[in-house]
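Here the structure comes first, spelled out in structure tokens, and everything after it is commentary.
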Protein chains: 2
Amino acid sequence: MKIDPQSPADLSAQIAQAIRDAIVSGRLIVDERLPSESELADQFQVSRSTVREALKRLAAQSLIRTQRGASGGAFVNRLSFPDAYSQQITTSTLLLSMNAVSFDTACEARYALERACAPLAAQRRTPDQLATMRAEIFRQAQPGLTDEAFCASDVAFHRALVDGAGNPVLSYQLAGAVEAMQPLMNMITFTERSREAIIALHSKIADALDAYDADTVDAALVELETYTRQLARDVAAKRRQAG
Amino acid sequence: MKIDPQSPADLSAQIAQAIRDAIVSGRLIVDERLPSESELADQFQVSRSTVREALKRLAAQSLIRTQRGASGGAFVNRLSFPDAYSQQITTSTLLLSMNAVSFDTACEARYALERACAPLAAQRRTPDQLATMRAEIFRQAQPGLTDEAFCASDVAFHRALVDGAGNPVLSYQLAGAVEAMQPLMNMITFTERSREAIIALHSKIADALDAYDADTVDAALVELETYTRQLARDVAAKRRQAG
DNA sequence: GCGTTTTTATTTGTCTGACATTTAAAAGTC
DNA sequence: GACTTTTAAATGTCAGACAAATAAAAACGC
């Protein structure tokens, strides 16, 4: 692992990249201990502060974890699925909020991906996942539910659907798409009428999954997508009229 | 923005989280300048080093960028699609390499997602994307091509397919799935015979996209998935026999 | 000899103060 | 007025110190 002191980039960024490369390429393996901060400072010929800044960069990406005390240090972290989920969600949320992505585009992407899970879920869904979906549908029908709670339940329902595919890689990929849409969806599901329609489609999906009926699940998801995008258009039109 | 000095977690992690929350919630907007490191140190009642470690964490997630000199400082970064792509790819690659995900599971996820793009791509693919795919097919047929180059071309072909859907959110989501599979695919496409079969299916896909024929694209992708998974099983069996 | 307690060494976490470097704006010069 | 020089502000880096956590080693009591 070498760095170039002449390079314009920050030393801490270079050091972080050198260690990152070592991890990605497998020269450093999971749970292996990195040299101590002082040793790294010696190796790279920089101060301990610079090494620390590099290590914090890696920690922010969940590539390493640190432990204090004797026989402590920095260890290569096993990137767990939950860690990857939350990074995926943060990134996706920021990407949508900062780049003027239209609701239509985001919605299309989300349902396209979700429909990809549907046939697998129709084969493999467990009774447990089905029960989760039913419970969320029941919650969504409660009269006093706030918009935020309704949307959170909506997310939980769709995550159960995705998890039904029984493929952790798919679940990980979909986490961002489903969760990042929530803030956008919050704006459009506030009337009694739209909730009713959404709940009806959720029930249709759950029934079809219950019956291992992939085609009906797909049809219901298409309906849900169409309905959601229509709702968003109506809301936008109403805004234009009012404002 | 407040932090709790009694908390067990690192101060720099807490400060990073506080600023991250401010960005995600919109209290800090794109291109806004954060207070200088000294001012932040005063606000949070910590030293400048601790503030710097927090800022490096945020920089590692592309949430801020820094600039030296007068009127420099840390600025909230617009998370661009390319930035998000590369983070997605790094995370996905590490997730697969560190978690003993079976080839079958990863392959299933990848093709499920890719098939989700196919109908859209069959409607919207541009001549330019089609030309890219043809060029990659031509390259794949060159006799002297190394395995690595073949796989890189394979990735480029599939990215063009995904981009054909004309939905940047989909392209972003798929980047991880397609690219992270490359190291795994590298191991199984080394015979002349398997290359030939793959190229034939690529041609079938390109032809079908040319004809706006979504069903044939889907069928070819299913064939490609079946063939790829079969190849992987054969390779695994041969390894068992040999080893 | 064994279990408990104390000490010690190591390592990360934090602080302080200093200097180098970069950069834009202000001041000065012709 | 255009150009050059100076200055101030900000990040980047360094060195050295102490605090806090932690595991291993040493000491102790029985």
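The chains referred to below are lettered A, B, ... by the order of the sequence lines, with proteins before strands, and numbering in each begins at 1. Just so you know, these numbers come straight off a predicted model, no measurement behind them.
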Practice prompt. Mark yes or no for whether A/Arg33, through its side chain, and A/Gly72, through its backbone, hold a donor-acceptor pair below 3.5 Å.
Written response: yes
Worksheet item: So, A/Thr50 side chain and A/Val46 main chain: donor-acceptor pair closer than 3.5 Å or not?
Response: no
Item to complete: Ignoring hydrogens and angles, tell me if any N or O in the side chain of A/Asn99 forms a donor-acceptor pair with the backbone of A/Val101 under 3.5 Å.
Response: no
Worksheet item: Does A/Arg159 come within less than 4.0 Å of A/Glu179, counting only side-chain N to carboxylate O?
Response: yes
Fill in: Atom-pair distance (CD on A/Glu37; C1' on D/dA15), nearest Å
15 Å
Worksheet item: What residues in residues 54-70 of chain A put a non-hydrogen atom under 4.0 Å from any atom of DNA chain C?
Response: A/Lys56, A/Thr66, A/Gln67, A/Arg68, A/Gly69, A/Ala70
Worksheet item: So which nucleotide from D/dT13, D/dA17, D/dA10 ends up closest to the side chain of A/Ser47?
Response: D/dT13
Worksheet item: B/Asp10 has an atom CG; how far is it from atom C1' of D/dA19, in whole Å?
Response: 14 Å
Worksheet item: Between B/Arg57 and B/Glu53, does at least one N-O distance fall below 4.0 Å, as a salt bridge requires?
Response: no
Worksheet item: By salt bridge (Lys or Arg N to Asp or Glu O under 4.0 Å), which residues pair with A/Glu108, not counting sequence neighbours?
Response: A/Arg229, B/Arg124
Discussion item. Quick one: does any side-chain atom of B/Ser153 pair with a main-chain N or O of B/Ala149 as donor and acceptor, under 3.5 Å?
Written reply: no
Worksheet item: Once you round it to whole Å, what is the distance between C1' of D/dA17 and CZ of A/Arg52?
Response: 14 Å
Practice prompt. For B/Gly73 and for A/Ser71, find the nucleotide of DNA chain D with the closest heavy atom, then tell me which residue's nucleotide is more 5'.
Written response: B/Gly73
Worksheet item: Just checking A/Ser36: base, sugar-phosphate only, or nothing, at a heavy-atom cut-off of under 4.0 Å?
Response: sugar-phosphate
Worksheet item: Does B/Asp83 come within less than 4.0 Å of B/Arg65, counting only side-chain N to carboxylate O?
Response: no
Worksheet entry | Range on DNA chain C touched by chain B - first to last nucleotide, heavy-atom distance under 4.0 Å | C/dG13 to C/dA24
